[in-house]
Asks: 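This is the structure I want to talk about, given as structure tokens.
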Amino acid sequence: MEYIDLYKDQYEKTDLTAIRKTKLPENHYGIIVFGCIFNSEGKMLIQQRAKTKSWAGIWDVSSGGAVISGETSRQAVARETREELGIDLDPDRFVKVFSLYYDNSIHDIYNLVLEPGETYECSVPNEEVAAVKWASEEEILDMLDSRTFLPVYKEFIGLLFRMKTRKGIVTY
């Protein structure tokens, strides 16, 4: 059983925790992270979700998941990348590019751009990820049209690609 820390607006951490995937008290939020890894050619590493997961067989951004109690969101994005892709990256390499509130979650979006020639072997398939591949913005937009990518706004994908080499626009 995993626990998450609870927050109020503006990242105000409370003394409360909750069991992950349970209904949260009103006006309280857990934090979810998404890591978007880009290569030096500007393509994003995307993952196909395993058949046993929600959104089975659908493609998604590089990594993501809940921030567990006692962990920072930057630590969580590195942990999720390690768990889902088998890639062990320094949490400080991830740059938070923005945050948004959605339902009872604060979504922290991180980017990491690999240096030219920098490569990693992903440990897939595994219990969470069936496959990975590099995809351009246009390829992901086509996947959205064909409903093979997690349903998000096309503008959201565009923003991820626009922000890949910039510092964050929202920091806490």
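This is a predicted model, so every value here is computed, not measured. Side chains included, hydrogens not; waters and symmetry mates left out as well; all remaining heavy atoms used.
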Asks: Using the rule given for side-chain contact (heavy atoms from CB on, under 4.5 Å), can you reason through Glu128 versus Arg49, listing the C-alpha separation, both sets of side-chain angles and the distance that settles it, and then say yes or no?
Replies: CA-CA 6 Å; Glu128 295 193 47; Arg49 298 177 62 80; over 6 Å; no
Asks: About how many Å separate NZ of Lys133 and CH2 of Trp59, when rounded to the nearest 0.5 Å?
Replies: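 Answer rounded to 0.5 Å: 5.0 Å.
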Asks: Using every non-hydrogen atom in the two residues, find where Ile31 and Ser73 come nearest and quote the distance to one decimal.
Replies: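 Ile31 and Ser73 have their closest heavy atoms at CG2-CB, 4.1 Å.
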Asks: What salt bridge (charged side-chain N to carboxylate O under 4.0 Å, His left out) pairs are there with at least one residue in residues 63-77, not counting sequence neighbours?
Replies: Glu71-Arg79
Asks: Quick check: closest heavy atoms across Leu160 and Asn111, and the distance to 0.1 Å?
Replies: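 Closest heavy-atom pair between Leu160 and Asn111: O-ND2, 3.5 Å.
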Asks: Check Leu114 against Leu112 and note the closest heavy-atom contact, atom names and distance.
Replies: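 That closest heavy-atom pairing would be CD2-CD2, 3.6 Å.
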Asks: Would you check if Trp134 and Met44 make a side-chain contact, meaning some heavy-atom pair closer than 4.5 Å?
Replies: no
Asks: Does this structure show an ion pair linking Arg93 with Glu118, if we count only N-O contacts that are shorter than 4.0 Å?
Replies: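 Counted as a salt bridge, because a side-chain N and a carboxylate O are separated by less than 4.0 Å.
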Asks: Counting C-beta onward and ignoring hydrogens, is there a side-chain heavy-atom pair between Ser69 and Thr17 closer than 4.5 Å?
Replies: yes
Asks: So, do Tyr110 and Val33 sit near enough that their side-chain heavy atoms are less than 4.5 Å apart?
Replies: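 A side-chain contact exists here, since the closest heavy-atom pair is under 4.5 Å.
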Asks: Below 4.5 Å, heavy atoms only, C-beta onward: do Ile140 and Phe161 meet side chain to side chain?
Replies: yes
Asks: Would a 4.5 Å heavy-atom cut-off, applied to side chains only, mark Val67 and Asp5 as touching?
Replies: no
Asks: Please say which of Lys43, Lys164, Arg162, Lys154 ends up in a side chain to side chain donor-acceptor pair (under 3.5 Å) with Glu137.
Replies: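 With Glu137 as partner, side chain to side chain donor-acceptor pair (under 3.5 Å) holds for just one option, Arg162.
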Asks: Considering non-hydrogen atoms only, spot the tightest contact between Ala66 and Ala76 and give its length.
Replies: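 Smallest interatomic distance, heavy atoms only, reads O-CB, 4.4 Å.
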Asks: Do you know the tightest heavy-atom contact between Phe94 and Asp90?
Replies: CD1-O, 3.9 Å
Asks: Exactly one of Asp88, Leu89, Ile87 should register a side-chain contact (heavy atoms from CB on, under 4.5 Å) with Arg82. Which one does?
Replies: Asp88
Asks: Does Gln75 reach the main-chain N or O of Thr72 with its side chain, forming a donor-acceptor pair under 3.5 Å?
Replies: yes
Asks: Please enumerate all residues that pass ring-ring contact (aromatic ring centres under 6.0 Å, His included) together with Phe149, with sequence neighbours excluded.
Replies: none
Asks: Within a strict 4.5 Å, meaning less than it, do heavy atoms of the Ile19 and Tyr3 side chains meet?
Replies: yes
Asks: Which heavy atom of Ser62 sits nearest a heavy atom of Gly35, and at what distance?
Replies: CB-O, 3.0 Å
Asks: Can you tell me how far apart SG (Cys36) and CE (Met163) are? Round to the nearest 0.5 Å.
Replies: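 The SG atom of Cys36 sits 11.5 Å away from the CE atom of Met163.
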Asks: Given 3.5 Å as the limit, does a donor-acceptor pair link the side chain of Gln47 with the main chain of Val129, or not?
Replies: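 Not at all, since once roles are kept as given, no pair shorter than 3.5 Å links the two residues.
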Asks: Tell me whether Thr14 contacts the main-chain N or O of Leu16 through its side chain, where contact means a donor paired with an acceptor under 3.5 Å.
Replies: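 Judged by distance alone, yes, a pair lies under 3.5 Å.
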Asks: Going by heavy atoms in the side chains, are Tyr11 and Ser99 under 4.5 Å from each other?
Replies: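 Yes. Closest side-chain heavy atoms under 4.5 Å.
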Asks: Hey, are the side chains of Leu45 and Cys122 touching, using non-hydrogen atoms and a 4.5 Å cut-off?
Replies: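 Yes - at least one pair of side-chain heavy atoms lies under 4.5 Å apart.
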Asks: Just verifying a value: how many Å separate Ile157 CD1 and Ile46 CD1, rounded to the nearest 0.5 Å?
Replies: 9.0 Å
